Amino acid sequence: MTNPTDSASPQTAPPTAVRTRIAPSPTGDPHVGTAYMALFNWAFAKHHGGQFVVRIEDTDAARSSSASETKIFDALRWLGLSWDEGPIVGGPAGPYRQSERLPIYREHVDQLIAAEQAFPCFCTSQRLDEMRSQQRERGETSGYDGACLGLGAAEVEQRIAAGESHVIRMRVPTEGDCEFRDELRGEISIPFTQIDMQVLLKADGFPTYHLAVVVDDHLMGITHVIRGEEWINSVPKHKLLYDYFGWPMPTLVHMPLLRNPDSSKLSKRKNPTSVTYYERAGYLPEALLNYLGTMGWSMPDEREIFSIQEMSEHFDLERVTLGGPIFDPVKLGWLNGQYLRSLSPEAFMQRVADWAINTDHLAPLVPLIQQRTERLADLAPQVDYLLGDRVALTAEAFAHKKMTPEQCVAALHHYSSALDELRIWDREVLVELAEGLAKHQELKLSEFLFPIFIALAGRSVALPVFDSMVFLGSDLTRVRLRDGLQLLGLSKKQTKKLDKAYLAYVQSTG
RNA sequence: GUCCCCUUCGUCUAGAGGCCUAGGACUCCAGGUUUUCAUCCUGGCAACAGGGGUUCGACUCCCCUAGGGGACGCCA
């Protein structure tokens, strides 16, 4: 940790100074997968006395939001993973938000066009969609067919001058293999026939991930790219770009992917995946990080309880295992208990206060609670369901004098399906979705909301449902709706039928 | 469908050719401590995906098969 090169100036710093990064995309709640990669990048950088950089990949103008960006920073801070360079703290390689680096990408793309390593493409998305589905039908890997490759310079110039919408694509060899090295797996070879002529610059002037990641990793001096396994297949695109620009490749480390219990890639539909959820459900950041540290990695002495400092001290890529680990909330719970019980009574009380039993956190509930109170003692029974993880549910609680069990199930299923797709957790949107579905099911809103109420609170007498949902947030809400559905015992067949019905509904509403 | 990656108890993992009768942790089961519960302690169940090689010797190296996962977007 006491690396003498730490204080050296950038000019004299040896090229071996380690720099890692995470590059989250601010398009939703902060994901545990992001926390996982942040932990490993942080631990690796700290182990080598290097720097850990945060860069915001907000190249998807439609989906990115500053609210999401803020949540990501909050999550990293809650976890205690501080970054040496990035938004807020700044640094010499900024700006660290890709939306603020547009001229840089444009410049680099122009360079590629001049060298005929990239070319403008005027194809419409309809044509591309058709092309892809035809290729799929023929059992081929889908990819751009090169229609705009043969366009003459004069025509291109004229169409651009006429303001025709276009993108810039990269040229890719039509034969041969791309060979590269992954630190954990060794040499990997992928045929160029599998590689699409990737769009580098979108019609809106924003870069795609593939361009931005290469340009920024190089310009920011990133030496080790530690990221999820899902990126292995796009390495050839990146390597091509490094070659086109004449830049050296950083060391590549592809970590295994966190999995759902059914072994598919960890997803928000099947599991709570936001860091915020774990915070709200009462987990300690050190326990969550410790748990993530045991996913695909182990301490040399096999101890299972360790801090991130201890992890970075002993960090070694050789100790990474490649099988995709299943994220197991039961073991995380055990670990969290270990941490909680080892606290002094004073520290424990402080943790509880920091968590939720404090005025800041409860303030938004006061207007709702106060009206329904006769004695101060009424507070706890009213808010209990808002403070925990899940609630105790019984099937009987879902019995309703008018609604059939089928209607209850459909309401739960459809509403939770709709919420799964929600990117922004907004009260008005929550209301609209419920109203739409209630109408579709020919139910009064109050009826439609009955099973929702039960799933959320475990009882029908509770604080207003939409306020409760806003307070609970996306993951906590969805996990409870799913619990309710599961309790009512859905077979696979019924689930499929409901999925279909929901899909039909979505299509009918456009 | 095509390509790429992966494969030790149900789960997380140790294991880098003989130390393996495969170790630890979670879960589960049994017993003990505890007025109850929880904690805690003790014990138990449980795995090298299959088949070929290489080797005096394979969990460890190579090949094939099977299974799992991922990628194939003007999303990242």
Side-chain angles (χ1 to χ4, degrees), chain A residues 23-28 31 33-34 56-64 98 121-125 128-129 131-132 135-144 165-169 177-178 180 182 184-186 188-196 198-213 227-237 254-266 290-305 318-338 340-342 423:
Chain A
S25 167
T27 54
H31 199 277
T34 305
I56 294 294
E57 308 230 327
D58 53 351
T59 56
D60 186 335
R63 291 195 222 175
S64 298
Q98 293 184 328
C121 166
F122 300 89
C123 296
T124 63
S125 47
L128 294 172
D129 285 346
M131 177 195 73
R132 283 189 196 107
Q135 288 168 331
R136 280 296 183 79
E137 269 171 44
R138 275 180 265 138
E140 298 166 9
T141 302
S142 58
Y144 186 61
S165 174
H166 66 284
V167 302
I168 307 297
R169 286 180 186 277
D177 297 329
C178 176
F180 59 93
D182 173 85
L184 303 176
R185 297 155 231 268
I188 295 175
S189 170
I190 299 177
F192 277 121
T193 51
Q194 292 294 316
I195 311 306
D196 197 6
Q198 179 64 46
V199 171
L200 298 176
L201 205 65
K202 308 179 207 177
D204 64 2
F206 275 63
T208 57
Y209 168 82
H210 302 284
L211 199 230
V213 76
R227 56 168 24 162
E229 195 177 9
E230 59 200 296
W231 295 110
I232 288 183
N233 287 293
S234 38
V235 169
K237 292 172 184 174
H254 290 94
M255 293 291 296
L257 258 25
L258 260 23
R259 314 271 190 104
N260 294 313
D262 68 359
S263 89
S264 56
K265 164 169 142 179
L266 192 66
N290 188 161
Y291 180 66
L292 290 174
T294 66
M295 303 270 85
W297 193 79
S298 60
M299 278 291 228
D301 63 0
E302 287 192 60
R303 100 185 88 134
E304 301 201 278
I305 298 185
E318 299 256 310
R319 300 199 62 80
V320 172
T321 51
L322 262 16
I326 290 169
F327 191 94
D328 178 14
V330 176
K331 187 148 186 184
L332 169 61
W334 169 79
L335 239 189
N336 201 56
Q338 296 293 313
L340 234 27
R341 289 193 288 270
S342 71
R423 201 162 283 114

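Keep in mind it's a predicted model, so treat the numbers as computed, not measured. Each chain gets a letter, A, B and so on, in the order the sequences are listed, and its residues count up from 1. Values reported hereafter were calculated over all heavy atoms of this structure, with side chains retained and with hydrogens, waters and symmetry mates removed.
- Between Arg185(A) and rU7(B) there is no side-chain N or O to OP1 or OP2 distance below 4.0 Å.
- Place Asn233(A) and Arg63(A) on RNA chain B by their nearest nucleotides, and Asn233(A) ends up nearer the 5' end.
- Residue contacts for Thr321(A): at a heavy-atom cut-off of 4.0 Å it reaches the sugar-phosphate backbone alone, with no base atom in range.
- The nucleotide whose nearest atom lies closest to any side-chain atom of Ile232(A) is, among rG69(B), rA76(B), rC4(B), rC4(B).
- Taking only side-chain atoms of Thr208(A), from C-beta outward, the nucleotide of rA76(B), rG70(B), rG73(B) with the closest atom is rA76(B).
- For Glu229(A), whose side chain is taken as the heavy atoms from C-beta onward, the closest listed nucleotide among rG70(B), rC74(B), rC5(B) is rC5(B).
- Minimum atom distance to the side chain of Val167(A) is reached by rC74(B), of the listed rC74(B), rC5(B), rA76(B).
- Regarding contacts with the backbone of rC72(B), every side-chain N or O of Arg136(A) stays at 4.0 angstrom or more from both OP1 and OP2.
- Taking only distance into account, the side chain of Glu302(A) meets the base of rG23(B) through a donor-acceptor pair shorter than 3.5 Å.
- In this structure, the nucleotide among rG70(B), rA76(B), rC74(B) sitting nearest to the side chain of Asp60(A) is rA76(B).
- rU7(B) sits 14 Å from rU60(B) when the C1' atoms are compared, rounded to a whole Å.
- Nearest to the side-chain atoms of Ser263(A) among the listed nucleotides rU11(B), rG69(B), rA76(B) stands rG69(B).
- Listed pair Thr141(A) / rA71(B) fails the phosphate criterion, with no side-chain N or O lying under 4.0 Å from OP1 or OP2.
- No contact: Ser165(A) has no heavy atom under 4.0 Å from any strand.
- Residue Ser25(A) is classed as a sugar-phosphate contact, given heavy-atom separations below 4.0 Å to backbone atoms only.
- Nearest to the side chain of Lys202(A), among rG69(B), rU11(B), rC75(B), sits rC75(B).
- When the side-chain nitrogen and oxygen atoms of Thr59(A) are compared with OP1 and OP2 of rA76(B), one or more of them lie within a distance under 4.0 Å.
- rA22(B): no Watson-Crick or G-U partner with both key distances under 3.5 Å is found in any strand.
- Contact annotation: Arg303(A) side-chain N/O to rA25(B) OP1/OP2 distance is not under 4.0 Å.
- For rC72(B), the OP1/OP2 oxygens have no side-chain nitrogen or oxygen of Lys237(A) closer than 4.0 Å.
- Of all nucleotides listed (rC75(B), rC5(B), rC3(B)), rC3(B) comes nearest to the side chain of Gln194(A).
- Dashed line: the shortest gap from a side-chain N or O of Lys331(A) to OP1 or OP2 of rG10(B) is not under 4.0 Å.
- Heavy atoms only, all atoms of each residue included: Pro256(A) and Glu229(A) are closest at CA-OE1, 3.8 Å.
- Between Arg169(A) atom CZ and rG73(B) atom C1' the separation is 9 Å, expressed in whole Å.
- At whole-Å resolution of the value, CE in Met295(A) and P in rU13(B) are 5 Å apart.
- Where Gln338(A) and Arg132(A) each meet RNA chain B at their nearest nucleotide, the meeting point lying more 5' is that of Gln338(A).
- Listed for the Asp58(A) side chain is a donor-acceptor partner under 3.5 Å among the backbone atoms of Gln98(A).
- Rounded to the nearest 0.5 Å, atoms CG (Leu335(A)) and OG1 (Thr294(A)) are 6.5 Å apart.
- The aromatic rings of Tyr291(A) and Phe327(A) lie perpendicular to each other, with more than 60° between the two planes, well past the 30° mark.
- Distances shorter than 4.0 Å separate some side-chain N or O of Ser298(A) from OP1 or OP2 on rA14(B).
- On a pure distance criterion of 3.5 Å, no polar donor-acceptor pair joins the side chain of Glu137(A) and the base of rG1(B).
- Out of rG70(B), rC26(B), rC40(B), the shortest distance to the side chain of Lys265(A) is found at rG70(B).
- If you take atom C1' in rC9(B) and the same atom in rC48(B), they sit 10 Å apart, rounded to whole Å.
- rG70(B) atom C1' lies 14 Å from atom CG of Leu258(A), rounded to whole Å.
- Nucleic acid contact class of Cys123(A) (heavy atoms, under 4.0 Å, all strands): base.
- Ion pairing of Glu302(A) with Arg319(A) is absent here, as no side-chain N (NZ or NE/NH1/NH2) approaches a carboxylate O to less than 4.0 Å.
- Contacts of Leu257(A) with the nucleic acid, taken as non-hydrogen atoms under 4.0 Å apart, involve only primed sugar atoms and P, OP1 or OP2.
- At a threshold of 4.0 angstrom between heavy atoms, the contacts of Ser189(A) are confined to the sugar-phosphate backbone, with no base atom among them.
- As a whole-Å value, the separation of Leu322(A) CG from rC6(B) C1' is 7 Å.
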